[in-house]
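Contents: one structure, followed by commentary.
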Amino acid sequence: MTRISPITKEEANQNITQIYSGLEKKMGRVLNIFQNMGNSEAALKGYLGLSEAASQTSLSPKLREQLALVVGQTNDCQYCLSAHTVSAKLAGLQEKDILESRLGHSQDKKTEAILTFAKTIVERRAQVSDQDIEKLKSAGISDQEIVEIILVVVLNIFTNYFNHITDPQIDFPFAPKIN
């Protein structure tokens, strides 16, 4: 069942059409999530602005994808898991790393601390403890990185919730289910 009608390029107003053209240049197509966001110029611009800000952080593209995977898994967002499995491979992650990331694990201790923290944020709805922050700092994570981790987690929570509510058709290969 379609919960909201996606806005195609042909149906879009001039401002949305311009945004779609930029997305097509960058990604080769307008993803279904963006066609659903196309119902609101403010929502689409808000997402893209936050996404651009996240790409400017000190966190590597690989780590940002790992964060997206653990958040998507914790929130059980099949659309995001499917999309970020593809993106993670493009960022250089191997299949084993992708599956470990989804569960909040990594062979790298600093990355594992970050993924564990991200999972904690989602599971506890951001009600983290002083000990959770201390674990990050003990793993060598700076205050700047903590703030940037929060940004990336919140960006992914937005898309997870957006997709749960609007239910776009998944336009990527399905990510495998894991326990």
Side-chain angles (χ1 to χ4, degrees), residues 1-9 11-12 16 19-20 23-24 26-40 42-55 59-107 111-112 114-126 149-179:
M1 172 186 111
T2 301
R3 291 184 172 182
I4 66 166
S5 299
I7 303 299
T8 65
K9 193 171 184 178
E11 299 167 319
I16 297 292
I19 295 169
Y20 283 1
L23 289 168
E24 284 177 331
K26 185 177 180 181
M27 306 176 102
R29 61 190 167 130
V30 180
L31 301 175
N32 291 337
I33 183 177
F34 300 137
Q35 290 183 40
N36 280 359
M37 284 185 195
N39 279 281
S40 167
L44 183 56
K45 283 182 172 179
Y47 166 77
L48 293 172
L50 197 56
S51 182
E52 178 61 25
S55 76
L59 307 176
S60 71
K62 188 185 220 181
L63 180 56
R64 292 192 311 267
E65 289 302 326
Q66 289 175 287
L67 285 164
L69 289 164
V70 71
V71 172
Q73 181 68 41
T74 307
N75 279 324
D76 193 27
C77 181
Q78 188 62 47
Y79 188 97
C80 290
L81 287 170
S82 299
H84 288 287
T85 294
V86 171
S87 299
K89 288 176 184 173
L90 294 173
L93 288 164
Q94 301 301 310
E95 194 69 39
K96 178 181 180 250
D97 300 319
I98 291 168
L99 293 174
E100 284 182 351
S101 296
R102 287 174 60 178
L103 297 173
H105 301 299
S106 174
Q107 297 300 312
T111 301
E112 173 128 0
I114 291 168
L115 296 178
T116 299
F117 180 65
K119 187 173 181 177
T120 299
I121 291 171
V122 176
E123 289 175 339
R124 294 191 199 153
R125 295 177 302 194
I149 291 162
I150 296 165
L151 169 64
V152 173
V153 169
V154 168
L155 171 66
N156 284 282
I157 289 171
F158 171 72
T159 57
N160 292 172
Y161 285 16
F162 184 86
N163 290 323
H164 282 311
I165 295 166
T166 66
D167 196 26
Q169 181 179 3
I170 297 173
D171 44 0
F172 295 93
F174 277 78
K177 295 276 186 189
I178 58 174
N179 297 329

Any side-chain heavy atom of Q107 sitting closer than 4.5 Å to one from E100? yes
Give a yes or no on this: more than 12 heavy atoms of other residues, nucleotides or ligands lie within 6.0 Å of atom CD of E95. yes
Please assess D97 against K62 for the test salt bridge (charged side-chain N to carboxylate O under 4.0 Å, His left out), listing each intermediate value before the final yes or no. CA-CA 10 Å; D97 300 319; K62 188 185 220 181; 5.7 Å; no
Using the side-chain contact (heavy atoms from CB on, under 4.5 Å) rule, pick out the option among V70, L67, T111, L115 that qualifies with S101. L115
First locate atom CG of N160, then atom CD1 of I165, and finally report the distance between them rounded to the nearest 0.5 Å. 11.0 Å
As a quick check of understanding, evaluate side-chain hydrogen bond (donor to acceptor under 3.5 Å, both in side chains) for D171 and Y79, giving each step before the final call. CA-CA 8 Å; D171 44 0; Y79 188 97; 2.7 Å; yes
As a quick check of understanding, evaluate side chain to side chain contact (heavy atoms under 4.5 Å, CB included) for H84 and R102, giving each step before the final call. CA-CA 10 Å; H84 288 287; R102 287 174 60 178; over 6 Å; no
Rounded to the nearest 0.5 Å, what's the gap from OG1 on T85 to CZ on F174? Could you check? 12.0 Å
Is any side-chain heavy atom of I19 closer than 4.5 Å to a side-chain heavy atom of F34? no
To the nearest 0.5 Å, what is the distance between CD1 (I4) and OG (S40)? 9.5 Å
Cation over ring face, R3 and F162, 6.0 Å, 45°: no
Mind checking whether Y47 and F158 have parallel, tilted or perpendicular rings, split at 30° and 60°? parallel
